[in-house]
Every structure is written in C-alpha cells, then in structure tokens.
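Notes for the one structure printed next.
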Amino acid sequence: MVADRRDTENLVIDALLYQNDRMYTQALDTPGSDADALDEQALELRFLARVDAEQKIEPKDWMPARYRNTLIRQISQHAHSEIVGMLPEGNWITRAPSLKRKAILIAKVQDEGGHGAYLYSAAETLGVSRDQLIDQLLSGKAKYSSIFNYPTPTWADVGAIGWLVDGAAIMNQIPLCRCSYGPYARAMVRVCREESFHQRQGYDLMLQLAQGTAEQKKMAQTALDRWWWPALMMFGPSDANSTHSAESTRWKIKRFSNDELRQKFVDFTVPQAEFLGLTIPDPLLRWNEPAQRYDFGPIDWSEFEQVLKGNGPCNAERLAARRDAHAQGAWVREAASAYAEKRKHHAG
Ligand SMILES: [Fe+2]
Ligand SMILES: [Fe+2]
C-alpha cells in the first residue's frame, strides 16, 4: 500500500515537472504572453494532474472557475431536490396505514431533510451562501429533480417512490462517492447508506401490497405504471443530448454517462418487479441475451421537457409549499440568529 502511494506521488510530481517545463518553453515561444494567464494555465494543469491521480480537490485548493460553477449548480440542484423531495411523501405522513409505517415514513422524510442540509453545506464550501441558494429555489430560478413534480394520489405511491425514485437516486449517487470534490464525495457516502434503507422500505411496502388483496395489488401496479417512466427520466437526457457531460467526466465529477446509469437501473429493477408479480409498463421491454441486458422502449422526452419548464402536474404546488414553509420558518431563523448574537456577547 505504502509503495503504491509513493509511486502515485512520484508520477504526479513527474507529471507536474513535465508540465511546468512545457509551460515555460511555450512561454518563451510566445512573445508578450501574459504572466497571469500563464499562472492560470499552470494552475489548471496541476489541478488536472491531481484529478487524474484521483486526489480530492478541497475547498481551499485552486480550481478552475468552470469546475466551481458546475459543482455549485450540481450540488445545489441536488440539495433542492432533497428538500422538495420531502413533499410528495410528507403528504402521506398523517395518513400512513399503521404506526410502524408512519414511524418509518417520518424517519425517511427526515433523512431527506438531512441530505438537503449536508448538500447545502457542501455547496457553501464553494463560496456561495445558503440564502442565495434558497432564493434561487424559491424564485423558481434553480432547478430540482423533475420527478418531485408528480403527485402521490395513493399509499402505494409512497412504496413506488422508495423503490424506484430512491433506487434511481442510489444508481446516480454511488459513483458520486468517488467525485473529485472532497466535500461532495464525503457527503455522498452517508447519503447513499440512507438511500439504500429508503429503497428497501419502499420495496417492502410494495411487496406487502403485491401480496395483499386484489385491490391492494392493483394499487401497487397503478403506482408502478405512474412512476416507471419518470424514474427513467431521472438519469437526465440521453447521452447524445447531454450538455454538461464531457467536462464533468474529464473532471471526474461524473463517472458514468446518463444512458449507462439508466441501463444499470433497468437491469437491476426488472427482476425486482418480476418478484413482486407486477408488470413494467413497457411493451418493448425484453431481455437481450447476447448483450446481457434489457432492451426498453423509447422515453417520451417531450414530457420531461414540459416538467422541466415548470408545466408538470405539481410544479406550482411544490414551489408554493416551499415558499410557505420558508415564510413560516422566518421566526425560527430570527430567534436562532438572536441567540447566536447573545452568546457571542457573553463569550466576548
Ligand atoms: Fe435523499
Ligand atoms: Fe431517499
């Protein structure tokens, strides 16, 4: 282990020396080159060498502005998704069918709030304030995962969300545990552990319904029909239409493409649906023996676009709920600030 690490360090040092040499030779070749621009370029090369060597980039390290902005966008969208994601299921806390299910659901929704809090903190390490991020969400400027703009009309939707939405989230987030930005990667480790509990409680709920009365089984099937395609859309546009992918892959923020992750999710989930005795609502879904994967039908991207533009079934309702909660929580924030101020005076 120690020898391996020394080797990696030596490789990085060599890469840096080589790159520095090249920088200076190029500088000599380019009359009138700007020293600042040169510094910037050298810093970027060193940054890329560190990313290549799988070293974590930390908040105080130099990083390209585009890397910083990509992370702020991605981490804050992720944080908003966790917080807005509390709403569709939170809707069922008062109506959960048993005390046990209520306790599980409260814990799950509370976990999502915690995920939002970790992620806002991770975004703040990049020099953006939480107030700015919350403003962006409440003004409708920031995006969050389009999946949370779908309604939860029955109790089975709570199961379908845990099974499919948290299942898709795990697929997306496990590779993020190895993301090049340290605070994001570390937040993801704990988040993924909790997501796996969420996925299992959702599957357990679906299993109970699927093995219940004919009416309960139908409820589970209808929920699967509602959530299947939106869950596939959670992986984002197909690779051919994905705008941010190439740079994010270069920077090791992204490890797999949208289509690769979507395929993994389908391959993982289809046998689970079979075990439940439920039918995935896709007539084109079939096992492809030579490729060892499931082929599936085309995704209706026009629906995805509409939800992203704010025209999904619950976009307005979700934002209104967040704005209300923010307004109603103003006194708590003020009280906490006043208390912190008072403590500071006492300490001083
Ligand atoms: Fe979460
Ligand atoms: Fe979750």
Side-chain angles (χ1 to χ4, degrees), residues 71 73-93 96 100-124 130 133-134 137 142-152 155-179 181 183-207 223-224 226-228 230-236 253-254 261-262 264-265 268-269 272 314 318 321-322 325:
L71 280 167
R73 192 190 65 243
Q74 181 172 336
I75 300 174
S76 63
Q77 279 179 13
H78 192 164
H80 299 326
S81 303
E82 301 283 357
I83 299 295
V84 178
M86 297 167 77
L87 298 171
E89 290 171 290
N91 194 27
W92 276 94
I93 289 176
K100 181 183 151 201
R101 288 289 176 195
K102 194 192 285 266
I104 293 172
L105 187 57
I106 290 174
K108 198 251 184 196
V109 171
Q110 193 174 26
D111 280 355
E112 306 300 7
H115 297 173
Y118 294 150
L119 288 162
Y120 283 125
S121 299
E124 282 179 306
R130 191 172 296 219
L133 298 175
I134 302 285
L137 172 67
K143 288 193 187 120
Y144 55 85
S145 180
S146 57
I147 193 86
F148 300 117
N149 292 314
Y150 288 87
T152 44
W155 172 246
D157 292 274
V158 172
I161 290 182
W163 174 34
L164 301 172
V165 176
D166 290 274
I170 294 172
M171 249 351 136
N172 259 324
Q173 291 171 15
I174 283 180
L176 287 173
C177 297
R178 293 191 295 130
C179 159
Y181 188 56
Y184 194 25
R186 288 188 291 272
M188 279 302 110
V189 174
R190 175 156 174 191
V191 167
C192 281
R193 285 200 192 120
E194 292 178 349
E195 295 303 358
S196 115
F197 157 74
H198 299 169
Q199 197 267 354
R200 285 161 67 168
Q201 68 82 31
Y203 192 71
D204 178 65
L205 202 166
M206 290 302 267
L207 188 62
L224 168 59
R226 265 195 293 277
W227 292 91
W228 176 252
L232 293 195
M233 293 176 203
M234 280 177 72
F235 296 92
I253 297 173
K254 211 176 160 75
L261 290 169
R262 189 166 11 244
K264 273 177 200 264
F265 175 73
F268 187 77
T269 311
Q272 295 181 339
C314 300
R318 299 291 182 240
R322 284 314 313 155

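Order of listing sets the numbers, starting from 1, for every ligand and every atom in it.
Distances from the Fe ion (ligand 2) to each N, O or S atom of D166 single out OD1 as the nearest. Counting just the N/O/S atoms of H115, the one with the shortest distance to the Fe ion (ligand 1) is named ND1. Nearest N/O/S atom of H198 relative to the Fe ion (ligand 2): this is ND1.
Around atom NZ of K102, more than 12 heavy atoms belonging to other residues, nucleotides or ligands sit under 6.0 Å away.
Taking the side chain as every heavy atom from C-beta outward, W227 and I147 approach each other to under 4.5 Å. In this structure, M171 and M234 have side chains that are not in contact, with every pair of non-hydrogen atoms separated by 4.5 Å or more. Residues M188 and H115 form no side-chain contact, since every pair of their non-hydrogen atoms from C-beta on lies 4.5 Å or further apart.
With the Fe ion (ligand 1) as the vertex, atom OE1 of E82 and atom OE1 of E112 span an angle of 90° (nearest 10 degrees).
Remark: the backbone N or O of D157 is not paired with any side-chain donor or acceptor of T152 at under 3.5 angstrom.
Distance check for E195 against the Fe ion (ligand 1): an N/O/S atom falls below 2.8 Å.
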